[in-house]
Amino acid sequence: MALARVTYLLAIGRETLTFEERGSISVPVYLGDSVQWGQRTDLIDHGHLVIQTGTGSQLFTNELRFSEALLQDASRFDVIVNELADKAADPHRTQGKLPSLQAVFNRHGVTDADDRDELTENFRVLCDLVDEGRNHIWSYYVRNLARPMWLSRAENRVDVLIGNPPWLSYRHMSADMQKTFKEMMQARGLWSGFEVATHQDLSGLFIARAVQQYLREEGTFAFVVPNPVLDRPYWAGFRSGDWADPDHPVKVNFTGSWDLRRLRPHFFPRAAAVVFGRRRPLAIGQQGNSAVALSKQTEIWTGKISKSAARWEHAKGWITRKAGELRYPKEGLISSPYRNRFGQGATVVPKVLFFVKEQAANSLGLGGGRVSVRSKRSNLEKKPWKELPDREGSVEKQFVRPVLLGEHVVPYRIMGADKAVLPIEGTNTLMDGEHDHLDRYPDLAKWWRDAERLWDDNRSSERLSLTEQLNFRKKLTEQLPGAPLRVVYGASGMHVSAALMEDPNAVIEHVLYWAAVATRQEGMYLLALLNAPRLTEAVRPLMSYGKDERHIDKAVWELPIPDFDPFDPKHVRIAELGEAEALRIAELKFDVDSSYIKIRRALRDFLLSSPDAEELDQLVTELLG
């Protein structure tokens, strides 16, 4: 509440605050149920706010009643209610006896006899609540319930509503709240069905209820909203402006929007937007004038705002504002069906226990089927693992597997792989130190049990064994046996980089996402889409925010990328262009000492100058909508 008061005072302006002749400034802040979640209409009775208290010793439920005359002055009403509650809770008050309220009446100018009688009766109820041990926070409850109810009266509604509604996702609501939320959304035509329930949140319903209850006809509004409000299909009901509550229908005229997804840094964990509108008047004898839906035309804000630009006069110099048009995804396709097919790779850490480089055997050799290995270290290792000495030994060759890391994936191409000792027998059996088969492989048994000992001695928690860590959430065994064709892309980065893995023996590490594909044609279709600059541009606003958009993860599948259809000419053409790009890139030579970051940058430039770049960009744009 203190923060809210500061915000309001800043909005008043320094000149007003420092004006020598100004009077006192009171900024009431209420934490009431602004949505009126229970949709109660029985709290106002014949010009009185009525609050049931339900005192247990009474045959009939007592109630607190406050006339609208008392509610009119918010500051006066709050002080009176506080004083009544404090006097009722006074430990020196004799139980069963009502102290005089004359001083309270005189101090606050309560001269009307009916108001005095009403406050006296309310005071009696508050005293009863205290005597029964049920005082708690009645003054707080009364004040925060009264104001929203008073504002919702037609004659008290406001001219302008400005706000930042709660962005509470359906999946984070309690079961009871989800039930009420669904009912209220359905009543207003805002519910899009259970298949997209997890995408819906409270902000749309909050705005609809706020406009319905607190905004006069022809009044205007502006709200900060999650960016999907502007163009996602599951917000279509909200964007229609026709919120057809059967009891109190509301129609609005949307007058514009701001698309803020290209601003850096984001104001919130998710990209934001602003919507503007006006409440339409209801026509006499009709349901009301036609609503005006939110237009595709928007104002796009771009720019990277300096941390020092705390005031608008400084920040605006970093921002470019221009007219633009929103692109709606294909009707009915909320996210890609590939979303559930792609998963994260295995957690092959700490590296010192797994990753190795082969080295020459001693002069006597090792015998058939074995290889000499030594730890492959990284300067990114953390304590205590970075402090352990290198491991050295020999293992049976079939247990040294290629492991694909993020640095091995560049657009359309796999740049080698690291090697790791993994206790995988055959195609799909993951062993641990107690497994019946481990001693069939003496060198692996020695290597693996030594790794388990190091893990047990240095791990920060005893929750997982080394094998459980390696196979956390089954991210290793789900790769076994390895599919012959897998599309992989990096979980992080400024740009999406994807390639086709054709080695079924390779293990994919957790910094990558992967999915098996049925044909090379489907693989090339996905590579063409994922590596396209247009797709990175589209997915960037959906990515988690860090220094910049860095965490692609599965955000790419929030785009409406359809399943590959070999009978769709557009899909087939995208796959053909992907194959052509892959062949061109396969012929390129790179300096062996070049970093994968430089190679990715060079390949992005190469693709931008490709003879197929313009056609592919157009096809991707059409596919995404």
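No hydrogens, no waters, no symmetry mates; every other heavy atom, side chains included, goes into these values.
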* Asked: Is the shortest distance from a Lys or Arg side-chain nitrogen in Glu452 or Arg449 to a carboxylate oxygen in the other one below 4.0 Å?
  -> no

* **Pairwise distance OG(Ser336) to CG(Asp563) - rounded to 0.5 angstrom** => 6.5 Å

* Asked: Are side-chain N/O atoms of Gln344 and His510 paired as donor and acceptor at under 3.5 Å?
  -> no

* Asked: Is the charged tip of Arg262 near the ring of Trp301: under 6.0 Å from the six-membered ring centre and within 45° of its axis?
  -> no

* **Salt bridge Glu579-Arg520, side-chain N to carboxylate O under 4.0 Å** => yes

* Asked: Between Glu522 and Arg341, is there a salt bridge with N-O shorter than 4.0 Å?
  -> yes

* Walk me through it: do Tyr513 and Phe342 pass the test ring-ring contact (aromatic ring centres under 6.0 Å, His included)? => CA-CA 6 Å; Tyr513 280 84; Phe342 274 81; 8.0 Å; no

* Are Arg534 and Asp617 ion-paired here, with the side-chain N under 4.0 Å from a carboxylate O? -> no

* To do: Using the ring-ring contact (aromatic ring centres under 6.0 Å, His included) rule, take Trp385 and Trp455 through it: C-alpha gap first, then chi angles, then the decisive distance, then the call.
  => CA-CA 9 Å; Trp385 310 107; Trp455 171 256; 5.8 Å; yes

* Salt-bridge criterion met for Glu468 and Arg463 (N-O under 4.0 Å) -> no

* **Salt-bridge present (Asp612, Arg584; N to O < 4.0 Å)** => yes

* In sequence, state the C-alpha distance, the side-chain angles, and the governing distance for Tyr170 and Trp191, and then conclude on ring-ring contact (aromatic ring centres under 6.0 Å, His included). => CA-CA 11 Å; Tyr170 178 86; Trp191 182 254; 5.7 Å; yes

* Does a salt bridge link Glu622 with Lys570, judged by any charged N lying under 4.0 Å from a carboxylate O? -> yes

* Asked: Thinking salt bridges, do Arg261 and Asp231 make one under a 4.0 Å N-O criterion?
  -> yes

* Asked: Is it true that the side chains of Ser169 and Asp201 contain a donor and an acceptor less than 3.5 Å apart?
  -> no

* Are the side chain of Gln479 and the backbone of Lys475 linked by a donor-acceptor contact shorter than 3.5 Å? -> yes

* State whether a side-chain donor-acceptor pair under 3.5 Å links Asp259 with Thr298. => no

* Asked: Judged by modelled atom types alone, do Glu358 and Ser372 share a side-chain donor-acceptor pair under 3.5 Å?
  -> no

* Asked: Hey, does the side chain of Asn471 reach the backbone of Leu476 with a donor-acceptor pair shorter than 3.5 angstrom?
  -> yes

* Can Asp457 and Arg453 be counted as an ion pair, charged N to O under 4.0 angstrom? -> yes

* Using 4.0 Å as the upper bound for N to carboxylate O, is an ion pair formed by Glu396 and Arg370? -> no

* Distance-only polar pair, side chains of Glu392 and Gln359, donor-acceptor under 3.5 Å -> yes

